[in-house]
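One structure is given below, encoded as structure tokens.
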Amino acid sequence: MGAIEALSQRFQRGETGPEEAAAAMLAHAGEPAAHAVFTQLLREYAQEQAQASAERWKRGRPLGPLDGIPVTWKDLFDIAGLPTTSGSLLASRAPAMQDAAAVSRLHAAGVVSLGKTNLSEFAFSGLGLNPHFGTPLQKAHRTGALHLVGGSSSGAAAAMRLGIGCVALGTDTSGSIRVPAAWSGLVGFRPSQGRYPVAGVAALAPSLDTVGIIAATVADVLCVDAVLQGDARTKPFAAQQPHFILVDQLCGPQVQASVRDNCLRLMRRLSNAGMACEQRHVESFDIVAQAFALHGTLVAAEAGHTLARYTTPESLAQLDPFVRHRLMAARAAPARDRLALLQLREAMLKRRAAAPANAIYVFPTTPASAPALSSVQTLDRITAANSAALRHTMPGSFLDMPGIAVPSGCDEAGLPTSVLLSCPRGGDAMLLAVARKLELLEILCA
């Protein structure tokens with residue numbers, strides 16, 4: 001049972017109410033451990049929503065299973081009456097005129113919005129560093145060292161780790177849901193584009209941007225997925241036995257040993273449960289990697305246009321130095337690189353459409369567990385760590401592959417490791433159903 005279902009049942013039985021649940025989580029949000037998690041904490045806003053939900057439950061007329069469930073929003077989503085900071089000092093502080101479409105759908109389902117969470121500036125990094133609002137951190141259980149939680153949806157993952165909210169809404173362009181979920185021991189779902197609405201969400205790279213979900217369980221992801229789809233729900237898929245393919249080139253010696261071992265252990269559990277499994281080289285991942293080496297990444301090419309207004313001398317002086325470095329490099333890249341990447345992507349998406357509908361690709365979500373804060377103190381080290389963090393997730397974004405990061409265990413320091421289950425574009429319903437089945441069979445790590 002997921003956190004959403006468990007709390008909803010407690011509401012139904014009268015053991016607790018939405019107001020008490022929200023108050024308890026808001027109290028946690030004010031503790032020192034929650035430093036840098038939120039850009040805006042919505043105490044009064046949440047209390048009003050919780051009171052309205054409590055009245056509905058008292059009347060026996062809740063809006064559905066999400067009524068009264070506390071959630072958080074990455075500060076890229078517009079919420080009416082509040083500014084959208086994008087994790088930057090440069091974004092407009094004018095209040096949004098209306099809710100983002102995803103916010104509107106969940107508010108209509110009765111959720112309680114606790115706050116807007118921190119992120120890498122403009123979501124343009126996979127590490128979660130932010131010199132303006134602070135950097136959310138986690139402590140390695142066995143060493144006590146401070147480590148990153150991942151980005152760009154850093155506050156979203158940190159809030160979930162601290163028990164602030166039953167689910168966190170964020171965005172994923174290159175891996176911004178999957179990476180922080182992986183480094184924080186959580187479940188993170190990046191859907192195919194178009195499954196969830198992006199209207200009212202600040203853009204980074206429109207060809208790649210998606211709304212995503214971070215939660216403690218696949219069951220919780222499914223609860224939110226059912227609402228976020230709205231009227232565009234996908235048709236029921238023809239149930240097939242999944243065929244798991246361990247992507248050979250993403251599980252080799254370049255991957256941290258404990259991360260690789262935990263991925264291989266998951267594959268053995270799948271095989272022992274009678275699932276069809278194989279390990280092989282998958283050419284499409286190589287093609288994407290070669291294109292990135294030749295032309296740069298599509299996210300950088302598009303971000304250079306999206307964030308162009310922040311390249312004045314006055315704006316550049318206020319940017320996170322790493323974001324400034326990436327933005328200027330993106331602006332200097334030839335326009336032909338972006339065109340070449342878009343043409344390749346279109347051709348590969350057509351080709352991927354013919355892939356087996358039951359194929360699920362398996363590989364470590366990130367090549368290594370979360371880096372120590374002390375290891376990312378120079379621009380060169382930040383650049384290298386960012387590239388490594390996103391190395392496994394970027395090809396899936398380029399190919400618009402839905403992916404769900406699931407915990408796979410821990411490394412030697414006690415930091416979480418993760419495995420990514422992914423499938424061809426549009427296979428979201430199948431992927432989520434399979435992940436939930438594995439969760440129920442206790443094949444996935446808790």
Discussion item. Under the rule for side chain to side chain donor-acceptor pair (under 3.5 Å), what residues qualify as partners of Thr39, not counting sequence neighbours?
Written reply: Asp75
Worksheet item: Under a 4.5 Å cut-off applied to non-hydrogen side-chain atoms, are Leu127 and Thr135 in contact?
Response: no
Worksheet item: Under the salt bridge (Lys or Arg N to Asp or Glu O under 4.0 Å) criterion, do Asp225 and Arg195 qualify, and how do the steps go?
Response: CA-CA 9 Å; Asp225 172 78; Arg195 187 172 182 85; 2.8 Å; yes
Discussion item. Could you report the tightest heavy-atom contact between Thr365 and Ala405, atom names first, then the distance?
Written reply: OG1-CB, 3.8 Å
Practice prompt. Inspect the surroundings of CD in Glu283 and state if more than 12 heavy atoms from other residues, nucleotides or ligands are less than 6.0 Å away.
Written response: no
Discussion item. Any heavy-atom pair between the side chains of Glu5 and Cys223 that's under 4.5 Å?
Written reply: no
Item to complete: Heavy atoms only: give me the nearest Ile164-Ala34 pair and the separation to one decimal.
Response: CD1-CB, 4.2 Å
Discussion item. Ignoring hydrogens, what is the shortest heavy-atom contact between Ala219 and Glu439? Give both atom names and the distance.
Written reply: N-OE1, 3.1 Å
Item to complete: Apply side-chain contact (heavy atoms from CB on, under 4.5 Å) to Ser184 and Met160, showing your working.
Response: CA-CA 9 Å; Ser184 302; Met160 285 299 305; over 6 Å; no
Practice prompt. Ignoring hydrogens and angles, tell me if any N or O in the side chain of Ser154 forms a donor-acceptor pair with the backbone of Gly151 under 3.5 Å.
Written response: no
Worksheet item: For Pro402, does its backbone N or O pair with a side-chain atom of Asp428 as donor and acceptor, under 3.5 Å?
Response: no
Worksheet item: Side chains of Thr217 and Asp220: donor-acceptor distance under 3.5 Å anywhere?
Response: yes
Worksheet item: Taking atom types as modelled, is there a side-chain donor on Lys74 or Thr171 under 3.5 Å from an acceptor on the other?
Response: yes
Worksheet item: Would you say the side-chain atoms of Asp286 and Gln249 include a donor-acceptor pair closer than 3.5 Å?
Response: yes
Worksheet item: Cut-off 3.5 Å, side chains only: do Asp172 and Thr210 have a donor facing an acceptor?
Response: no
Worksheet item: How many angstroms lie between CG in Leu204 and OG in Ser174, if you round to the nearest 0.5 Å?
Response: 7.0 Å
Worksheet item: To the nearest 0.5 Å, what is the distance between CD (Gln279) and CD1 (Ile245)?
Response: 11.5 Å
Item to complete: Drop me the distance from Ile443's CD1 to Arg268's CZ, to the nearest 0.5 angstrom.
Response: 14.0 Å
Worksheet entry | Verdict with supporting geometry, His147 and Lys139, side-chain contact (heavy atoms from CB on, under 4.5 Å) | CA-CA 6 Å; His147 290 251; Lys139 188 176 289 187; over 6 Å; no
Worksheet item: Mind checking whether Phe133 and Phe38 have ring centres under 6.0 Å apart?
Response: no
Practice prompt. Carefully, step by step, assess Ile404 and Val406 under the rule side-chain contact (heavy atoms from CB on, under 4.5 Å).
Written response: CA-CA 6 Å; Ile404 187 161; Val406 295; 4.2 Å; yes
Discussion item. If you take the centroid of each ring, where Trp contributes its six-membered ring, are Tyr361 and Phe244 closer together than 6.0 Å?
Written reply: no
Practice prompt. State whether a side-chain donor-acceptor pair under 3.5 Å links Ser153 with Ser176.
Written response: no
Discussion item. Distance alone, cut at 3.5 Å: any donor-acceptor contact between the side chains of Trp183 and Thr366?
Written reply: yes
Fill in: Verdict with supporting geometry, Ser369 and Gln256, side-chain hydrogen bond (donor to acceptor under 3.5 Å, both in side chains)
CA-CA 8 Å; Ser369 54; Gln256 179 182 329; 3.3 Å; yes
Discussion item. Less than 4.5 Å apart, side chain to side chain, heavy atoms only: is that true for Leu148 and Val376?
Written reply: yes
Worksheet entry | Which residues share a ring-ring contact (aromatic ring centres under 6.0 Å, His included) with Trp73, sequence neighbours left out | Phe77
Discussion item. Do Leu106 and Val227 have side chains that approach each other closer than 4.5 Å (heavy atoms only, starting at C-beta)?
Written reply: yes
Fill in: Separation of Cys263 SG from Leu246 CG (nearest 0.5 Å)
5.0 Å
Worksheet entry | Sidechain-backbone polar pair: Asn130 side chain, Leu119 backbone, donor-acceptor under 3.5 Å | yes
Discussion item. Taking side chain to side chain donor-acceptor pair (under 3.5 Å) as the cut-off, I'd like each qualifying pair that reaches into residues 320-347, sequence neighbours left out, listed once.
Written reply: His295-Asp337
Worksheet item: Is the backbone of Gly155 close enough, under 3.5 Å, to the side chain of Asn118 for a donor and an acceptor to pair up by distance?
Response: no
Worksheet item: Do Gln318 and His132 have a side chain donor and acceptor closer than 3.5 Å?
Response: no
Worksheet entry | Side chain to side chain, Leu344 and Ile287, heavy atoms closer than 4.5 Å | yes
Practice prompt. Please check if atom CD in Gln98 has more than 12 non-hydrogen atoms from other residues, nucleotides or ligands closer than 6.0 Å.
Written response: no
Practice prompt. Search all heavy atoms of Cys277 against all heavy atoms of Ser271 and return the closest pair with its distance.
Written response: SG-N, 3.8 Å
Worksheet entry | Expected output: side-chain Gln193 to main-chain Asp209 donor-acceptor under 3.5 Å | yes
Worksheet item: Which heavy-atom pair separates Val167 from Ala215 by the least distance, and what is that distance?
Response: CG2-CB, 4.1 Å
Worksheet item: Ala435 and Leu421: which non-hydrogen atoms are nearest, and at how many Å?
Response: CB-CD1, 4.4 Å
Worksheet item: Do Ser120 and Ser152 have side-chain atoms, one donor and one acceptor, less than 3.5 Å apart?
Response: no
Worksheet item: Is the backbone of Pro83 close enough, under 3.5 Å, to the side chain of Lys116 for a donor and an acceptor to pair up by distance?
Response: yes
Worksheet item: Would you call Arg178 and Ser397 a side-chain contact if the rule is heavy atoms closer than 4.5 Å?
Response: yes
Worksheet item: Is the side chain of Arg93 donor-acceptor paired with the backbone N or O of Ala91 at a distance under 3.5 Å, no angle test?
Response: yes
Discussion item. Tell me if the centroids of the rings in Phe292 and Phe398 come within less than 6.0 Å of each other.
Written reply: yes
Worksheet item: Would one find more than 12 heavy atoms of other residues, nucleotides or ligands at under 6.0 Å from atom CZ of Arg269?
Response: yes
Item to complete: State whether the number of non-hydrogen atoms from other residues, nucleotides or ligands found under 6.0 Å of His281 atom NE2 is greater than 12.
Response: yes
Worksheet item: Does the Arg260 side chain pair with the main chain of Val255, one donor and one acceptor, at a distance under 3.5 Å?
Response: yes
Worksheet entry | Side chain Ser375, main chain Ala372, donor-acceptor under 3.5 Å | yes
Practice prompt. Quick one: do Asp248 and Val282 satisfy side-chain contact (heavy atoms from CB on, under 4.5 Å)? Show the steps, please.
Written response: CA-CA 7 Å; Asp248 187 63; Val282 180; over 6 Å; no
Worksheet item: Under 4.5 Å between any side-chain heavy atoms of Val211 and Val201, yes or no?
Response: yes
Worksheet item: If you round to the nearest 0.5 Å, how far is CD of Gln40 from OG1 of Thr117?
Response: 10.5 Å
Worksheet item: How many angstroms lie between CE in Met1 and OG in Ser8, if you round to the nearest 0.5 Å?
Response: 10.0 Å
Item to complete: Indicate whether the side chain of Glu121 and that of Ser86 have a donor and an acceptor atom separated by less than 3.5 Å.
Response: no
Fill in: Side-chain (Arg309) to main-chain (Thr306) donor-acceptor, under 3.5 angstrom
yes
Worksheet item: Using a distance-only test with no angle check, is there a side-chain donor-acceptor pair under 3.5 angstrom linking Asp411 and Thr417?
Response: no
Discussion item. Does any part of the side chain of Leu162, heavy atoms only, come nearer than 4.5 Å to the side chain of His28, both counted from C-beta?
Written reply: no
